[in-house]
Number of protein chains: 4
Amino acid sequence: VSHHPATDQFVVETEFFVRYVESDGMRVVNHANYISWFEEARSAYARELGAGYDEMERNGFYMAVIEVNAQYHRPARYGDRVRVRCWVEESRSRTVQFRYEVLNAQTKELLTTGTTKHICVNSEGRVTSIPERWQVMLAGRQGELVNIPA
Amino acid sequence: VSHHPATDQFVVETEFFVRYVESDGMRVVNHANYISWFEEARSAYARELGAGYDEMERNGFYMAVIEVNAQYHRPARYGDRVRVRCWVEESRSRTVQFRYEVLNAQTKELLTTGTTKHICVNSEGRVTSIPERWQVMLAGRQGELVNIPA
Amino acid sequence: VSHHPATDQFVVETEFFVRYVESDGMRVVNHANYISWFEEARSAYARELGAGYDEMERNGFYMAVIEVNAQYHRPARYGDRVRVRCWVEESRSRTVQFRYEVLNAQTKELLTTGTTKHICVNSEGRVTSIPERWQVMLAGRQGELVNIPA
Amino acid sequence: VSHHPATDQFVVETEFFVRYVESDGMRVVNHANYISWFEEARSAYARELGAGYDEMERNGFYMAVIEVNAQYHRPARYGDRVRVRCWVEESRSRTVQFRYEVLNAQTKELLTTGTTKHICVNSEGRVTSIPERWQVMLAGRQGELVNIPA
């Protein structure tokens, strides 16, 4: 049941154990937490590009989320180690869309897929172009896969 | 800028203040928390039907989330009181889809919209029909709006 | 089993339903969430004083948490409505300590007790005196109890 | 400013990056999240003992939190990598107390310290003795330190 991401883009993978607090009354990970895992995968992606998102904010630019989609195929449970894959699906001067896959790191089963769409806003909250250094980085890399344990 | 839900379905509204912990480094509510607000709106909806979701689980049925979509129009901030509207968009024997609107309760501005899709699973994790009592409740009511402070 | 707060201070109560996401794999509210409920109770306290904490931050002052204690007596569960009581236990020019009680709003059983201690920091992160207007408000009121649904 | 844990007990360290969602309106990690980090450190501790806490629950035993204490010395921020140290401070047949230290993994500065106290309950919610296999494991190891990236 192994699974390869359906992309030739640069893919960053991050891995971690499910936290106990992330499970809910159904004894599976609550669906909202996958959205936070997507966010953490974006953070790992930015760190891997060599330019942490914290640096972007220090420069006065913020990537605001304007859309989220997620499909839940199989549950993750406390005790599981999960792997989150993240890549850029579409990159423009003012928007960027990421795609995600969450897998069980042991069984390689696909648990959740999703996308997030972002715009760039400045410190006054105005929509603005993504800084060029970031546009280049988001658009530039292809065909590699990097796996980083959290 | 007042806003009316685009439906003739039975709508349940719940209201609460943004919690401090729900804001993030951008000083706005983190996008994942709206997904939890949707969930809380479903809870309010079930309570309003007179059959809390906790009762459903005690009977051995669980409404698992299989899809989430959200569009973020304007940010909510700590200090804001928000109103979450929830109604059934599509109800079948095995699936139900809810739609949501999050508004600023003071200004009535529309902040976030979204949907969630659910299947019914039993205590062994098998997909099953939604219990009839619930199917009837989810399908049955139209044209009313109930506003309940949390 | 009714319970009265052990204080003659001004007490603010806030009430809400347990959110599904707040329960964990034990099917009870995860202990970390009570700390967020304490925080929400402080927010309700400040709103009741007529000076929301958001206003304090807009003026460049932040109440940083330096200590948290909590004792867990009985669990809260999804489906429960809880009441959180909050009052000032000790108020000085540079520190303030709040005390909390979480009750089941139906049965009045005491679920959790705790305290938080805070210092005031300015926008540069320096420890500073609590603004006088707030010192007076925190120290000034006694013997009243206000109950506000969330 | 390096720091060594004040214990000769078996210490388990886990490391991870601060997640964006964990920061709040003060642009530092919200104090409630450290309580979840303590919990994750206990999970790492149990995994390191060779007996994940999920196994304990599958056997019908639950370690319920009855007390939490935390002292906040310096803030963690998004972009920081943190290290959480965890060890058993006191182990009895019916209770166990863990102690924690959260450090900035780069600077080694001590950020937060704390303790949690636990009792063992069975699947009916009754207080019971900690299973012997676990009592032995919790009491048995000394003087080692294991560092595991999350």
Side-chain angles (χ1 to χ4, degrees), chain C residues 21-43 52-58 60-77 95 97-98 100 102 111-127, chain D residues 21-43 52-58 60-77 95 97-98 100 102 111-127:
Chain C
V21 71
E22 293 172 330
S23 57
D24 68 14
M26 286 190 208
R27 305 187 131 259
V28 298
V29 172
N30 184 272
H31 60 291
N33 290 313
Y34 292 85
I35 311 303
S36 299
W37 292 355
F38 291 173
E39 184 178 64
E40 178 55 20
R42 287 196 301 281
S43 286
Y53 174 68
D54 51 327
E55 181 200 312
M56 195 176 185
E57 288 203 350
R58 276 195 300 273
F61 296 95
Y62 300 81
M63 296 301 287
V65 179
I66 57 165
E67 203 174 314
V68 164
N69 297 283
Q71 297 79 41
Y72 301 87
H73 307 293
R74 287 179 191 79
R77 290 187 169 79
T95 63
Q97 181 163 311
F98 287 95
Y100 311 89
V102 181
L111 307 180
T112 304
T113 52
T115 60
T116 59
K117 198 167 182 174
H118 306 258
I119 51 169
C120 189
V121 295
N122 61 21
S123 39
E124 288 89 47
R126 287 256 188 79
V127 179
Chain D
V21 70
E22 293 172 329
S23 59
D24 67 15
M26 285 189 209
R27 303 186 135 260
V28 298
V29 172
N30 184 272
H31 60 292
N33 290 314
Y34 293 85
I35 310 302
S36 299
W37 291 356
F38 291 173
E39 184 179 64
E40 178 53 20
R42 287 195 301 282
S43 286
Y53 174 68
D54 51 328
E55 182 200 311
M56 196 177 184
E57 289 204 349
R58 275 195 302 274
F61 296 95
Y62 300 80
M63 295 302 288
V65 179
I66 57 167
E67 204 173 312
V68 163
N69 296 283
Q71 297 78 41
Y72 302 88
H73 307 293
R74 287 179 191 79
R77 290 188 167 80
T95 62
Q97 180 162 313
F98 287 95
Y100 312 89
V102 181
L111 307 180
T112 304
T113 52
T115 60
T116 58
K117 199 168 182 175
H118 305 259
I119 52 169
C120 189
V121 295
N122 61 21
S123 39
E124 288 88 47
R126 288 253 190 81
V127 180

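The sequence lines fix the lettering, A, B, ..., with proteins before strands; numbering per chain opens at 1. Heavy-atom basis, side chains included; hydrogens, waters and symmetry copies ignored. None of these values were measured; they are calculated from a predicted model.
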Applying side-chain hydrogen bond (donor to acceptor under 3.5 Å, both in side chains), can you list everything that pairs with Asp24(D), at least two apart in sequence or on another chain?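 Asp24(D): side-chain hydrogen bond (donor to acceptor under 3.5 Å, both in side chains) contacts with Asn30(D).
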By number, which residues in residues 60-72 of chain C have some heavy atom less than 4.5 Å away from chain D?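 Heavy-atom contacts from residues 60-72 of chain C to chain D are Tyr62(C), Met63(C), Ala64(C), Val65(C), Ile66(C), Glu67(C), Val68(C), Asn69(C), Ala70(C), Gln71(C), Tyr72(C).
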Where do Ala32(C) and Ser36(D) come nearest, in terms of heavy atoms and distance? CB-OG, 3.6 Å
How long is the gap from NE2 on His31(C) to CD on Glu39(D), to the nearest 0.5 Å?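 Rounded to the nearest 0.5 Å, the NE2-CD separation comes out at 4.5 Å.
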